[in-house]
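Contents: one structure, followed by commentary.
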Amino acid sequence: MLTKRIIPCLDIKNGRTVKGVNFVDLRDAGDPVELAKQYALKGADELVFLDISATLEGRKTRIEMVLKVAEQVNIPFTVGGGISSIADVDVLLQSGADKVSINSSAVKRPELINELANKFGSQCVVVAIDAKNINGNWMVHLAGGTIPTELNLFDWAKEVEQRGAGEILFTSMDNDGTKDGFANEALAKLSEELNIPIIASGGAGTIQHFIDTFKIGKSDAALAASVFHFGEIPILDLKEALKKENIPVRL
Amino acid sequence: MTIAIIKYGMGNVASVQKVLKKLGYNSIITNYAEDIRNADLILLPGVGSFKKGMENLKQYGLIEVLNEEVLNKKKPFIGICLGMQLLATYGNEPTKVKGLNFIKGEVIKINSPKNLRVPHLGWNSLNIVSNQKSELYKPFNKQDFYFIHSYHFKAEAIEDVCITVNYDLEMVAGLQKDNIYAMQFHPEKSQEVGLLLLKTIIDQYA
């Protein structure tokens with residue numbers, strides 16, 4: 001049976017993990033490669049690296065990081081952040097990334113999704129969508145949630161699927177950082193209206209939140225950062241708990 | 001022994017090479033016929049569309065050398081993901097095209113009666129088909145491997161199928177015919193168990 005995926009997300013700047021990471025048995029908590037190895041060892045099904053480097057130098061460092069991760073970790077990983085062209089994707093995939101995640105650049109130029117899917121295959125194109133519930137309407141936001149758009153989450157998600165995305169990573173800005181649980185109502189609606197896998201993101205605080213997003217939110221995968229980085233929820237404990245709830249996981 | 005990993009512009013060949021290196025095998029990433037002739041084992045990886053994959057094999061002039069080495073000379077061959085699908089008689093991504101025809105069958109879009117998600121993406125457990133070939137694969141029964149694909153291989157001859165995977169419908173996950181080993185999942189992305197499967201196959205020839 002296909003299992004539900006647990007995906008730690010690492011924020012990267014200039015080749016280093018940012019945001020607090022507090023991991024036991026780790027020589028250097030800022031080194032994304034070390035962290036990736038630990039996660040792979042401790043039951044993560046996939047990894048997402050979100051790169052927020054703004055400079056060209058930072059982008060070069062990212063490639064070095066991707067090469068090292070590919071060399072030392074053999075679970076699939078996705079790289080996102082500032083990707084806006086075929087050339088950007090080409091170098092990341094050549095360096096060993098399995099998938100790329102695009103967000104703002106897809107909203108600005110939706111044809112990019114078609115171009116990437118045609119050139120590299122849908123399986124490596126993840127479209128990340130950040131949205132906020134404004135008076136009952138889920139509206140897409142850009143640039144880390146700072147810029148509102150006129151796009152409705154569900155319309156945009158359907159367009160993204162039609163254009164060839166292989167997966168959607170949906171972050172609810174209302175839930176992100178709250179540790180109050182995932183946006184399960186919107187997630188369930190996405191799952192019902194779409195045929196590609198949906199990754200839930202934003203709001204993880206307890207094991208129960210993961211159970212809920214798989215059962216109520218019908219998510220295919222759940223992504224989180226701080227609860228994993230600070231060891232609040234060990235991934236293996238989480239998976240044992242999910243298994244007890246009859247949610248299929250890889251153990 | 002030397003393993004020739006075929007480079008034909010379909011996805012990342014480097015991660016396959018890294019895994020082979022970790023297992024202690026010598027390999028080269030190549031699209032030169034001479035390298036392929038000199039190798040002891042041929043590995044065809046790949047992700048992307050069937051049609052583009054065949055076009056690229058043709059463009060690099062690799063079809064003749066594969067026919068000669070794999071079909072005629074029976075050199076051991078491993079196909080992974082698209083590298084398995086291209087062995088079929090026909091593919092359909094995005095339109096119907098001829099494949100290598102090393103294993104009779106057609107690659108078709110996953111069309112589940114329950115409308116399950118496509119791609120079939122994530123970790124799923126292998127079912128080892130019980131036949132004369134199953135001894136090799138037995139340790140991997142019910143083990144989870146990483147899959148990511150939207151099309152699946154419908155094999156004509158049941159005896160070519162050695163592994164299946166359940167995703168509402170029972171799909172082919174592994175094929176074996178003589179010297180040809182093929183898998184839909186990604187052993188190079190499936191941690192220790194993936195490495196062990198590759199080692200199990202390759203060590204028969206080492």
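Please read these numbers as outputs of a predicted model, since none were measured by experiment. Below, read A as the first sequence line, B as the second, and so on, with proteins coming before strands; counting in each chain starts at 1. Just the heavy atoms: all of them, side chains too, but no hydrogens, waters or symmetry mates, feed the values below.
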Can you give me the closest heavy-atom contact between A/E46 and B/L121, atom names plus distance? OE2-CD2, 3.8 Å
What part of B/L195 lies closer than 4.5 angstrom to a heavy atom of chain A: side chain, backbone, both or neither? side chain
Has B/N124 got a side-chain atom pairing as donor or acceptor with A/M1's backbone, closer than 3.5 angstrom? yes
Contact origin within B/Q191 toward chain A - heavy atom pairs under 4.5 Å: both
Can you tell me how far the CD1 atom of B/I148 sits from the CG atom of A/D98, to the nearest 0.5 Å? 8.0 Å
Which atoms of B/K52 approach chain A - backbone, side chain, both or neither, heavy atom under 4.5 Å: neither
For the atom pair NE2 (B/H149) and OG (A/S122), what is the distance rounded to the nearest 0.5 Å? 14.0 Å
Separation of B/W123 CH2 from A/L251 CG (nearest 0.5 Å): 12.5 Å
How long is the gap from OG on B/S49 to CZ on A/F120, to the nearest 0.5 Å? 13.0 Å
To the nearest 0.5 Å, atom CG of A/N74 lies from atom OG of B/S15 at 9.0 Å
Is A/N118 close to chain B through its backbone or its side chain, or both, or neither, when contacts mean heavy atoms under 4.5 Å? neither
Any donor and acceptor pair, going by atom type alone, linking the side chain of A/R250 with main-chain N or O of B/S125 inside 3.5 Å? no
Contacting region of B/H186 [heavy-atom separation from chain A under 4.5 Å]: neither
Best-contacting candidate, A/I198, A/L93, A/D45, A/V73, against chain B by heavy atom pairs under 4.5 angstrom: A/D45
What are the two closest heavy atoms between B/D144 and A/V249, and how far apart are they? OD2-O, 4.5 Å
Side chain to side chain contact (heavy atoms under 4.5 Å, CB included) between A/S191 and B/R117, intermediate numbers included: CA-CA 9 Å; A/S191 259; B/R117 303 192 174 284; 3.1 Å; yes
By the side chain to side chain donor-acceptor pair (under 3.5 Å) test, which pairs, at least two apart or in different chains, include something from residues 150-161 of chain B? none
Chain B contact via A/E167 - which portion, at a heavy-atom distance below 4.5 Å: side chain
So what's closer than 4.5 Å to chain B heavy atoms on A/Q94: side chain, backbone, both or neither? backbone
Once you round to the nearest 0.5 Å, how far does CD1 of A/I75 lie from NZ of B/K189? 8.5 Å
